Amino acid sequence: METLIELSKKMPKTELHLHIEGTFEPEQMFAIAQRNQVVLKYHTVEELKAAYQFTNLQDFLDLYYQGMSVLLHEVDFYDLTMAYLEKVHSENVVHVEIFFDPQGHLSRDVPFDRQINGIYNALKDAEKKWGMTFKLIMSFLRHLSEESAFDTLELSKPFLHLIDGVGLDSSEVGHPPEKFLRVFEACKDLGLKITAHAGEEGPPEYIWQAIDQIGVDRIDHGNRALEDDKLIEEIKKRSLTLTVCPLSNLKLCVVNDMKDHPIKTMLKLGLNATVNSDDPAYFGGYMNDNYAALIRQTGISKEELLQLAKNGITGSWMEDKQKERYLQELTSLFA
Ligand code: ADE
Ligand code: ZN
């Protein structure tokens with residue numbers, strides 16, 4: 001088991017499901033709050049950490065939006081992003097595809113340019129320093145209206161050269177993908193890639209909508225696809241990647257025990273499951289911790305570990321040449 005964990009640390013990895021606002025470590029949150037003279041509801045790091053007990057997605061989101069409220073200036077977005085990139089660079093993550101939630105900041109009068117410039121400059125610096133490549137995904141908050149998503153898309157237009165794709169996140173149940181049909185059509189017309197959180201808490205029907213109506217390029221989470229055999233076949237037919245988040249699933253009670261995590265079942269069914277950290281500062285671990293939890297508790301084999309890492313490469317939006325290079329590196333490492 002320990003040798004598999006060592007191997008998982010050494011593997012070149014991709015992260016395909018990561019909310020940059022979910023990487024806000026309490027220590028950094030308090031430092032930036034002090035710098036910006038923002039008063040947090042919690043008085044100490046310990047008090048804040050003690051609140052990280054969630055029974056569902058909404059419990060977490062309530063805290064997540066409070067946390068991001070200290071981000072005001074471009075440098076705050078830069079520092080947040082750079083801290084995450086430094087962390088995952090040390091874990092052999094070679095390529096990241098990062099979500100940001102513009103509406104979570106626009107609602108506090110933090111303009112779009114401040115957000116995206118801070119995040120993008122950190123990504124570019126990481127690329128220069130370490131050769132770490134990236135894609136940037138603007139995510140719409142699904143508890144808000146489609147009109148608000150359209151307004152956000154409009155604000156993003158001067159920055160479209162920095163944005164690779166769009167996503168859909170926040171409170172899932174009651175906010176199905178079809179609510180955003182027209183805005184995703186507009187995004188597709190602009191040449192953006194499309195992904196959506198579906199089947200984290202929401203029913204298989206929401207995953208059907210994401211595929212059939214929205215025409216997503218990828219599915220974020222997708223756990224509840226396992227309840228519907230026809231849906232499993234459809235996902236396979238379209239070779240869609242699932243960005244699975246094991247520690248997130250445990251913390252948000254999507255699974256009750258890591259031993260019961262369905263990732264092995266997904267692989268056995270031939271689904272392109274990948275491993276990701278979602279909101280690592282809130283869920284108790286970054287990429288290597290997610291792999292270690294799976295290895296320790298679900299007993300994934302060396303072959304399954306290799307498959308997960310390969311799926312992370314093939315399911316990414318990086319160029320084919322780069323994919324081939326990392327797939328070769330993985331093959332050599334596992335030989
Ligand atoms: N926003 C940040 N993390 C999320 C998650 N796991 N599900 C939905 N929205 C989110
Ligand atoms: Zn997510």
Side-chain angles (χ1 to χ4, degrees), residues 14-25 29 52-69 71 77 80-81 84 88 96-107 115 119 135-144 148-149 152 165-177 179-180 193-203 206-207 209-210 214 216-225 241-255 261 263 273-287 290 312 315:
T14 63
E15 168 118 274
L16 307 182
H17 184 154
L18 183 281
H19 304 265
I20 197 62
E21 297 89 346
T23 68
F24 219 163
E25 291 291 343
M29 192 186 293
Y52 291 4
Q53 307 287 339
F54 315 115
T55 57
N56 55 37
L57 172 59
Q58 194 60 50
D59 274 358
F60 154 69
L61 289 170
D62 292 343
L63 215 64
Y64 169 82
Y65 293 118
Q66 273 182 52
M68 70 171 79
S69 73
L71 297 166
F77 289 90
L80 175 70
T81 307
Y84 162 72
V88 293
V96 295
E97 304 196 354
I98 291 185
F99 294 114
F100 74 116
D101 283 335
Q103 290 152 297
H105 312 296
L106 291 167
S107 61
Q115 307 173 30
I119 297 168
K135 302 287 171 189
L136 188 53
I137 310 173
M138 170 171 78
S139 201
F140 298 125
L141 297 182
R142 69 201 305 158
H143 66 275
L144 301 177
S148 171
T152 309
V166 286
L168 185 65
D169 64 358
S170 193
S171 322
E172 186 180 8
V173 175
H175 304 284
K179 178 177 161 188
F180 297 91
K193 291 264 195 197
I194 313 283
T195 184
H197 285 53
E200 181 184 20
E201 285 188 346
Y206 286 17
I207 307 177
Q209 287 181 17
I214 310 287
V216 289
D217 296 289
R218 200 153 73 195
I219 298 165
D220 296 314
H221 296 293
N223 298 49
R224 292 195 61 188
T241 292
L242 305 182
T243 64
V244 180
C245 307
L247 287 173
S248 162
N249 291 161
L250 185 66
K251 277 298 249 188
L252 300 186
C253 306
V254 170
V255 299
H261 196 283
I263 204 149
T274 61
V275 176
N276 308 276
S277 72
D278 204 5
D279 301 282
Y282 291 90
F283 299 151
Y286 289 76
M287 284 296 286
N290 273 275

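Note that this is a predicted model, so its numbers are computed, not measured. Numbering of ligands and ligand atoms starts at 1, following listing order.
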Problem - Proximal protein heteroatoms (N, O or S) of the Zn ion (ligand 2), under 2.8 Å - result: His17 NE2, His19 NE2, His197 NE2, Asp278 OD1

Handout entry: Check: Phe60 ring centroid to Tyr282 ring centroid under 6.0 Å
Key = yes

[X] to ligand 1, any heavy atom closer than 4.0 Å:
X	result
Asp101	no
Ser170	yes
His221	yes

Can you report which non-hydrogen protein atom sits closest to [atom], along with the distance?
atom	answer
atom 1 (N) of ligand 1	His19 CE1, 3.6 Å
atom 7 (N) of ligand 1	Glu200 OE1, 2.8 Å
atom 6 (N) of ligand 1	Asp278 OD2, 2.7 Å
atom 3 (N) of ligand 1	Asp279 OD2, 2.7 Å

Problem - Side-chain donor-acceptor pair present, Thr195, Asp220, cut-off under 3.5 Å - result: yes

Would the distance check show the side chain of [X] and the main-chain N or O of [Y] forming a donor-acceptor pair, the cut-off being under 3.5 Å?
X	Y	answer
Thr274	Leu242	yes
Gln103	Leu144	no
Glu15	Ser277	yes
Asp278	Leu18	no
His197	Leu168	yes

Exercise for the section: Measure Phe99 to ligand 1 on non-hydrogen atoms and call it side chain, backbone, both or neither using the 4.0 Å cut-off. Expected result: neither

Problem - Short N or O distance, His17 and ligand 1, threshold 3.5 Å exclusive - result: no

Completion exercise
The side chain to side chain donor-acceptor pair (under 3.5 Å) partners of Asn249 (sequence neighbours excluded) come to Asn223, His261

Completion exercise
Hits for ring pair (Phe, Tyr, Trp, His ring centres under 6.0 Å) against His105, two or more places apart or cross-chain, chain-then-number order -> Phe77

Problem - Beyond-backbone contact of Glu97 with Thr243, side-chain heavy atoms, under 4.5 angstrom - result: no

Fill in the blank from the handout: Quick note on ligand 1: atoms under 4.0 Å from a heavy atom of Phe60 include exactly 2 (C), 3 (N)

Without placing hydrogens or testing angles, list every side-chain donor-acceptor pair under 3.5 Å for residues 61-68, not counting sequence neighbours.
unit_1, atom_1, unit_2, atom_2, d
Asp62, OD1, Gln58, NE2, 3.0
Tyr64, OH, Asp101, OD2, 2.6
Tyr65, OH, Ser170, OG, 2.9

